[in-house]
K.L.:
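Dropping the structure in here first, questions after.
All values reported here derive from a predicted model rather than from experimental measurement.
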Amino acid sequence: MSKSIPLRLFFILLIMAATYPSHSQEADNKRTHDFLHRISVGGNFGFQFGSVTGIVVSPEVRIRAVDQLHFGLGFTYQYLRYNDYFYDFSQKNFLDLRLNVYGGRIFSRYYLGSIFTNEILANLFAHVEYEYLTYHMPYKNAGPPPDGTIVDPYNYYYKPGNQVMEFNSFFVGGGYRQTLGGRFYVDIMILFNLNDTYNSPYANPVIRLGFGTGL
């Protein structure tokens, strides 16, 4: 009888040791699932052809922090070509402007689902964003002729050379999310750039169409 007690204790400890990791793994899997469920991936894509050719690719990832508040970050690439943008007085011909623009952005977005129960109103959201872009201008800023012989549509003069341009944009606005089934959705946004200057690649208002899905 006395020998059976340690044997039973051994089996009890063995069962506990075998089942504890499974429960721990279960909890870890649940926490991982809950965390991934709060993450969405997507972005926006745009293009324009004609006298101005523009292609924009901007993937993003965002996470729901609390309630309906989301934080995200993204990468932006733009290819821009303006036909006959410059006029070169020395060569007496027009020059195209071609730009490869790179940058990143961080943003926050708040859906109104915690305020409204109506489905349409609940899918509205407010959006705030900071974006940094940089690109290489194929000509340098210059004074009037004879210093600068290349002029743009705004009568700014340039000369052959290369200069790095940097631009900071601060967007505010909002939009609407339309679900497509499951966790897929489409975002339509209208934003205003608070730092809209001559060098800005945007013209207010900025309209975006984005796609995404939850994990």
K.L.:
Which residues end up grouped with Ile188 if you chain together Ile, Leu, Val, Met, Phe, Trp and Tyr wherever their side-chain heavy atoms are less than 4.5 Å apart?
P.N.:
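Members besides Ile188, by chain and number: Leu180, Phe184, Val186, Leu209, Phe211.
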K.L.:
Atom NE2 in His136, atom CE in Met165: separation rounded to 0.5 Å?
P.N.:
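Nearest 0.5 Å value for the NE2-CE distance: 11.5 Å.
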K.L.:
How about Phe89 and Tyr87: are their ring centres within less than 6.0 Å of each other?
P.N.:
yes
K.L.:
Answer yes if Tyr82 and Tyr139 sit in the same cluster of Ile, Leu, Val, Met, Phe, Trp and Tyr residues linked by side chain heavy atoms under 4.5 Å apart, and no otherwise.
P.N.:
yes
K.L.:
Could you report the tightest heavy-atom contact between Pro205 and Ile190, atom names first, then the distance?
P.N.:
CB-CG2, 4.0 Å
K.L.:
Which heavy atom in Gly214 sits nearest to a heavy atom in Ser40, and how many Å separate them?
P.N.:
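So the two residues come closest at CA-OG, 3.9 Å.
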K.L.:
Is it the case that the side chain of Asn195 and the backbone of Asn168 share a donor-acceptor pair, with hydrogens and angles ignored and the cut-off at 3.5 Å?
P.N.:
yes
K.L.:
Quick one: does Asn100's side chain get under 4.5 Å of Tyr77's, heavy atoms only?
P.N.:
yes
K.L.:
Cation-pi between Arg208 and Phe171: NZ/CZ under 6.0 Å from ring centre and within 45° of the ring axis?
P.N.:
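Verdict for Phe171: a cation-pi partner in Arg208.
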K.L.:
Give a yes or no answer on whether the side chain of Thr76 reaches the backbone of Gly104 with a donor-acceptor pair at less than 3.5 Å.
P.N.:
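Pair absent, no side-chain N/O of Thr76 close to backbone of Gly104.
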K.L.:
Give the cluster check for Phe71 versus Phe107: same hydrophobic cluster or not, with ILVMFWY residues linked at side-chain heavy-atom distances below 4.5 Å.
P.N.:
no
K.L.:
Do you know the tightest heavy-atom contact between Leu99 and Met137?
P.N.:
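Distance-wise, the nearest heavy atoms are CD2-CA, 4.4 Å.
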K.L.:
Rounded to the nearest 0.5 Å, how far does OH of Tyr158 lie from OG1 of Thr149?
P.N.:
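Taking OG1 in Thr149 and OH in Tyr158, the distance rounds to 13.0 Å.
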K.L.:
State, to 0.1 Å, how close Gly103 and Phe75 come at their nearest heavy-atom pair, and which atoms those are.
P.N.:
O-CD1, 3.3 Å
K.L.:
Looking only at atom types and distance, does a side-chain atom of Arg38 sit under 3.5 Å from a main-chain N or O of Ile63, one as donor and one as acceptor?
P.N.:
no
K.L.:
If you look at every heavy atom in Asp187 and Arg62, which pair is closest and at what distance?
P.N.:
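Taking Asp187 first and Arg62 second, the nearest heavy atoms are OD2-NH1, 3.8 Å.
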K.L.:
Give, for atom CG of Asn123 and atom OH of Tyr111, the distance between the pair rounded to the nearest 0.5 Å.
P.N.:
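Asn123 CG to Tyr111 OH: 8.0 Å, rounded to 0.5 Å.
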K.L.:
For the atom pair NZ (Lys159) and CG (Asn141), what is the distance rounded to the nearest 0.5 Å?
P.N.:
9.5 Å
K.L.:
State, yes or no, whether a side-chain contact exists between Asp147 and Tyr157 at a heavy-atom distance under 4.5 Å.
P.N.:
no
K.L.:
Can a donor-acceptor pair be found, under 3.5 Å and without considering hydrogens, that links the side chain of Asp67 to the backbone of Leu69?
P.N.:
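Checking the backbone N and O of Leu69 against the side chain of Asp67, no donor-acceptor pair under 3.5 Å is found.
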K.L.:
Can you list, by chain and residue number, the hydrophobic cluster partners of Phe167 when the side-chain cut-off is 4.5 Å?
P.N.:
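Listed partners: none, Phe167 stands alone.
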K.L.:
Hey, could you give me the CD/CD distance between Glu60 and Glu129, rounded to the nearest 0.5 Å?
P.N.:
8.0 Å
K.L.:
Hydrophobic clustering (ILVMFWY, side-chain heavy atoms < 4.5 Å, transitive) - are Phe125 and Tyr185 grouped together?
P.N.:
no
K.L.:
Are Tyr130 and Val172 in one and the same hydrophobic cluster, where Ile, Leu, Val, Met, Phe, Trp and Tyr link if side-chain heavy atoms are under 4.5 Å apart?
P.N.:
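Tyr130 and Val172: one cluster.
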K.L.:
Contact between Asn193 and Asn204 at the side-chain level, heavy atoms closer than 4.5 Å - yes or no?
P.N.:
yes
K.L.:
Would Phe86 and Val101 show up in the same hydrophobic cluster when neighbours are defined by side-chain heavy atoms closer than 4.5 Å?
P.N.:
yes
K.L.:
Counting N and O atoms only, with roles assigned by atom type, does the side chain of Asp96 sit under 3.5 Å from a partner on the main chain of Asp84, one being a donor and the other an acceptor?
P.N.:
yes
K.L.:
So which heavy atom on Leu80 is nearest to which on Gly54, and how close?
P.N.:
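That would be CD2-CA, 3.9 Å.
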K.L.:
I need the Tyr79 OH to Thr53 OG1 distance, nearest 0.5 Å.
P.N.:
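Tyr79 OH to Thr53 OG1: 6.5 Å, rounded to 0.5 Å.
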K.L.:
Within the 4.5 Å heavy-atom criterion, are Ile150 and Pro160 side-chain neighbours or not?
P.N.:
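With C-beta onward as the side chain, the pair touches.
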